[in-house]
Amino acid sequence: FSAGEYNQTHCRYDNSRFLDLSEALGRRSASEDYFSTHLLGFQDSNSWDDMGSFQTHLVICLVLAWTLIAACLCKGVKPSGKIVYFTAIYPFIILIILFIRGITLPGSLDGVLWYISPQWDKVLSIQPWSDAAAQI
């Protein structure tokens with residue numbers, strides 16, 4: 001990995017000092033950094049005047065989506081109803097297959113019992129609740 005692949009705003013500089021307050025106020029979250037640099041291809045120098053070039057993977061995805069929409073409009077609503085039946089039922093079939101596979105694995109009962117048995121010493125402490133509230 002190169003240093004450019006990491007979220008630069010949450011890292012230490014020179015592996016010795018942390019960000020000071022003025023640098024910390026301008027930082028971005030990891031998801032925003034990934035979206036803007038990797039997905040959209042923005043660099044730090046991009047502005048409204050220079051938004052960069054086309055991202056070929058996004059253009060292909062957009063063309064494919066509009067092609068599917070045009071095909072649905074040309075064929076009408078009736079054939080697309082059959083697609084809805086498939087897309088509504090298929091996830092449940094996959095979930096049932098994964099469930100059956102999961103319960104047939106060795107030690108699956110121990111995992112289920114561990115999952116549904118609370119650890120009261122951790123539930124009664126404040127740390128997991130503050131971690132849960134931070135995720136909201």
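Treat the numbers as computed from the prediction; the structure is a model and nothing was measured.
- Legend: side chain to side chain donor-acceptor pair (under 3.5 Å) pairs involving residues 54-69, not counting sequence neighbours: none detected.
- With sequence neighbours excluded, no residue forms a side chain to side chain donor-acceptor pair (under 3.5 Å) with Gln135.
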Can you give me every donor-acceptor pair (side chain of residues 86-96, partner residue at least two apart or in another chain, under 3.5 Å) with its distance?
from, atom 1, to, atom 2, distance (Å)
Thr87, OG1, Ile83, O, 3.1
Thr87, OG1, Val84, O, 3.2

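- Leu73 CG to Leu68 CG: the interatomic distance, rounded to the nearest 0.5 Å, is 11.0 Å.
- The other members of the hydrophobic cluster of Trp129, by chain and number, are Trp120, Val123 (side-chain heavy atoms under 4.5 Å, ILVMFWY only).
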For residues 100-117, tabulate all N or O donor-acceptor pairs below 3.5 Å that involve a side-chain atom, not counting sequence neighbours.
from, atom 1, to, atom 2, distance (Å)
Thr104, OG1, Ile100, O, 3.1
Thr104, OG1, Arg101, O, 2.9
Ser108, OG, Ile103, O, 3.1
Ser108, OG, Leu105, O, 3.3
Ser117, OG, Leu113, O, 2.6

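- Taking CG from Leu64 and CG from Leu62, the interatomic distance works out to 9.5 Å, rounded to the nearest 0.5 Å.
- Judged as a side chain to side chain donor-acceptor pair (under 3.5 Å), and not counting sequence neighbours, Asp121 has no contacts.
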